[in-house]
Visitor: 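Encoded as structure tokens, here's the structure I'll be asking about.
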Amino acid sequence: MNILAPVRRDRVLAELPQCLRKEAALHVHKDFHPRVTCACQEHRTGTVGFKISKVIVVGDLSVGKTCLINRFCKDTFDKNYKATIGVDFEMERFEVLGIPFSLQLWDTAGQERFKCIASTYYRGAQAIIIVFNLNDVASLEHTKQWLADALKENDPSSVLLFLVGSKKDLSTPAQYLLMEKDALKVAQEMKAEYWAVSSLTGENVREFFFRVAALTFEATVLAELEKSGARRIGDVVRIHSDDSNLYLTARKKKPTCCP
Ligand SMILES: Nc1nc2c(ncn2[C@@H]2O[C@H](COP(=O)(O)OP(=O)(O)OP(=O)(O)O)[C@@H](O)[C@H]2O)c(=O)[nH]1
Ligand SMILES: [Mg+2]
């Protein structure tokens, strides 16, 4: 008997959601990795359906981390600032290519005095979301330090990185474009996927979290297949960098596909 509530209809992913900007994407393939699609069709995803992937959200105080999570998980927005003390978390259940998949979204404190509590929760993340305010260039500069701190507790070769500009509703199109230029550069340096969102209007929030869920799922299935020895002995693993797959080939060996 399944004691968990069924996955909400609006959390079902049948296709790979696309990136926001091709210049700073984890990959730009149109579909899930063929090995992943194949494994899902054949129900060969091992323990993935029971796994909960940890996602940590870090960034300066008041950049909008809590609002971003609340917009996606509860569809609410609070205009009053209430600092997160230490950490908080939300669970989100998805169904990706027919397989249940859960994300545990860890909302951490940006305030310096709570940072040491929050950093004890960084370990074991499958994805790191680094948030900055699109209207505050200092918060973008600080993302490098947030990333360095988060990576101390995680394996840089396997964790997925997302750089998210928040409060898009507060910038004019011209201001936004200026900031985006800098943000894309930072995202490329970090090998992170870039997103710009507004928790007030909801712009790109759902698209962003769907992308996080999909890419985390894809990486988890690939890791599971690799672990279970699904790769045939003698297969050739080709590692090459091209524009369509900028980061993942550089970060991690990718196995060849089953079909
Ligand atoms: N206009 C606008 N305001 C936002 C947006 N997101 C957050 N805010 C406001 O920014 C302030 C801070 O938001 P929080 O989500 O609490 O910030 P935080 O990053 O969680 O802050 P800490 O918990 O201290 O690290 C609040 O007053 C929010 O209402 C947004 O997309 N647009
Ligand atoms: Mg908060």
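All residue numbers in this chain count up from 1 along the given sequence. Counting starts at 1 for both ligands and their atoms, in listed order.
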Visitor: Of all the atoms in ligand 1, which lie at a distance below 4.0 Å from a heavy atom belonging to Ala83?
Guide: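 Taking each heavy atom of Ala83 in turn, ligand 1 has 23 (O), 24 (O) under 4.0 Å.
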
Visitor: Please state which part of Asn80 comes within less than 4.0 Å of ligand 1, counting heavy atoms only: side chain, backbone, both or neither.
Guide: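 The answer is the backbone.
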
Visitor: Are side-chain N/O atoms of Ser171 and Asn135 paired as donor and acceptor at under 3.5 Å?
Guide: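 Looking only at side-chain atoms, Asn135 and Ser171 do form a donor-acceptor pair, the distance falling under 3.5 Å.
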
Visitor: Check whether any N, O or S atom of Thr66 sits under 2.8 Å from the Mg ion (ligand 2).
Guide: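 Looking at Thr66, which is the residue asked about, there is an N, O or S atom under 2.8 Å from the Mg ion (ligand 2).
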
Visitor: Got the closest protein heavy atom to atom 8 (N) of ligand 1, with its distance?
Guide: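 Atom 8 (N) of ligand 1 sits closest to the protein heavy atom Lys167 CE, 3.6 Å.
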
Visitor: As a check for students: among Lys65, Glu203, Gln111, identify the option with a heavy atom nearest to atom 18 (P) of ligand 1.
Guide: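 Nearest heavy atom to atom 18 (P) of ligand 1 lies in Lys65.
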
Visitor: Among protein heavy atoms, which lies nearest atom 27 (O) of ligand 1, and at what distance?
Guide: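 Scanning the protein heavy atoms, the shortest distance from atom 27 (O) of ligand 1 goes to Lys79 O, 2.9 Å.
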
Visitor: Where on Ala109 is there a heavy atom closer than 4.0 Å to ligand 1, on the side chain, on the backbone, on both, or on neither?
Guide: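 Backbone only.
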
Visitor: In terms of atom number and element, which parts of ligand 1 are under 4.0 angstrom from non-hydrogen atoms of Asp169?
Guide: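 Result: 1 (N), 2 (C), 30 (C), 31 (O), 32 (N).
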
Visitor: If you have a sec, work out which protein heavy atom is nearest atom 17 (O) of ligand 1 and how many Å separate them, to one decimal?
Guide: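 Going by distance alone, atom 17 (O) of ligand 1 is nearest to Gly64 N, 3.2 Å.
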
Visitor: So which atom in Glu224 and which in Gly46 form the shortest heavy-atom distance, rounded to 0.1 Å?
Guide: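 Smallest interatomic distance, heavy atoms only, reads OE2-CA, 3.7 Å.
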
Visitor: Can you give me the closest heavy-atom contact between Arg93 and Ser102, atom names plus distance?
Guide: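 Scanning both residues completely, I find the closest heavy atoms to be CG-OG, 3.7 Å.
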
Visitor: Taking a cutoff of less than 4.0 Å between a non-hydrogen atom of the residue and any ligand atom, is Ser198 in contact with ligand 1?
Guide: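 Yes, that is the case, since the closest heavy atom of the residue is under 4.0 Å from the ligand.
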
Visitor: Please check if Tyr194 and Leu177 belong to a single hydrophobic cluster, counting links between Ile, Leu, Val, Met, Phe, Trp and Tyr side chain heavy atoms closer than 4.5 Å.
Guide: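 Yes, same cluster.
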
Visitor: Taking both backbone and side-chain atoms into account, decide whether Ser62 has an N/O/S atom under 2.8 Å from the Mg ion (ligand 2).
Guide: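 Checking Ser62: none of its N, O or S atoms is under 2.8 Å.
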
Visitor: Identify the protein heavy atom lying closest to atom 16 (O) of ligand 1, giving its residue, its atom name and the separation to 0.1 Å.
Guide: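 Going atom by atom, the protein heavy atom closest to atom 16 (O) of ligand 1 ends up being Tyr81 CD1, 3.4 Å.
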
Visitor: Starting from atom 12 (C) of ligand 1, which protein heavy atom do you reach first, and at what distance in Å?
Guide: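 Minimum-distance protein heavy atom for atom 12 (C) of ligand 1 reads Ser62 OG, 3.3 Å.
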
Visitor: So is there a nitrogen or oxygen of Lys168 less than 3.5 Å from a nitrogen or oxygen in ligand 1?
Guide: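 Among all N and O atoms of Lys168, none is under 3.5 Å from an N or O of ligand 1.
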
Visitor: Looking only at protein heavy atoms, identify the closest one to atom 15 (O) of ligand 1 and say how far it is in Å.
Guide: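 Closest protein heavy atom to atom 15 (O) of ligand 1: Cys67 N, 2.9 Å.
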
Visitor: Report, in ascending order of atom number, the atoms of ligand 1 lying under 4.0 Å from any heavy atom of Leu170.
Guide: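 Atoms satisfying the 4.0 Å criterion: 1 (N).
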
Visitor: What atoms of ligand 1 come closer than 4.0 angstrom to any heavy atom of Gly110?
Guide: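 Within the 4.0 Å cut-off of Gly110, ligand 1 contributes 22 (P), 25 (O).
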
Visitor: Classify the angle between the aromatic ring planes of Phe217 and Phe101 as parallel (below 30°), tilted (30 to 60°) or perpendicular (above 60°).
Guide: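 Rings of Phe217 and Phe101: perpendicular, as their planes differ by over 60°.
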
Visitor: Identify the protein heavy atom lying closest to atom 31 (O) of ligand 1, giving its residue, its atom name and the separation to 0.1 Å.
Guide: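 So the nearest neighbour among protein heavy atoms is Ser199 N, 2.8 Å.
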
Visitor: Pair Leu170, Lys167 - check side-chain contact (heavy atoms from CB on, under 4.5 Å), show working.
Guide: CA-CA 6 Å; Leu170 295 177; Lys167 311 193 188 185; 4.1 Å; yes

Visitor: Start with the C-alpha distance between Gln126 and Val159, add both sets of side-chain angles, then the distance that settles side-chain contact (heavy atoms from CB on, under 4.5 Å), and finish with yes or no.
Guide: CA-CA 5 Å; Gln126 271 78 52; Val159 74; 5.7 Å; no

Visitor: For the residue pair Trp146 and Asp60, what are the closest heavy atoms and their distance?
Guide: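 Trp146 and Asp60 have their closest heavy atoms at NE1-OD1, 2.8 Å.
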
Visitor: Does Phe208 have its ring centroid less than 6.0 Å away from the ring centroid of Phe162?
Guide: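 Yes, close enough.
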
Visitor: Any atom of ligand 1 sitting under 4.0 Å from a heavy atom of Phe77?
Guide: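 Yes, that is the case, since the closest heavy atom of the residue is under 4.0 Å from the ligand.
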
Visitor: From the options Leu200, Val63, Asp78, select the one whose nearest heavy atom is closest to atom 28 (C) of ligand 1.
Guide: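 Among Leu200, Val63, Asp78, the closest heavy atom to atom 28 (C) of ligand 1 comes from Asp78.
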
Visitor: Could you report the tightest heavy-atom contact between Glu23 and Leu184, atom names first, then the distance?
Guide: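 Closest approach of Glu23 to Leu184, heavy atoms only: OE2-CD1, 4.2 Å.
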
Visitor: Relative to ligand 1, is Thr66 under 4.0 angstrom through side chain, backbone, both or neither, heavy atoms considered?
Guide: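 It is both parts that get close, each with some atom under 4.0 Å.
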
Visitor: Which heavy atom of Asp10 sits nearest a heavy atom of Phe210, and at what distance?
Guide: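 Result for this residue pair: O-CZ, 3.0 Å.
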
Visitor: Which of the numbered atoms in ligand 1 are under 4.0 angstrom from any heavy atom belonging to Thr84?
Guide: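 Heavy-atom distances to Thr84 below 4.0 Å select 22 (P), 23 (O), 24 (O).
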
Visitor: What I'd like to find out is whether the side chain of Arg211 reaches to under 4.5 Å of the side chain of Leu16, using heavy atoms alone.
Guide: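 Touching, per the 4.5 Å side-chain cut-off.
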
Visitor: With a 4.5 Å cut-off on side-chain heavy atoms, are Lys144 and Val186 touching?
Guide: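 In contact.
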
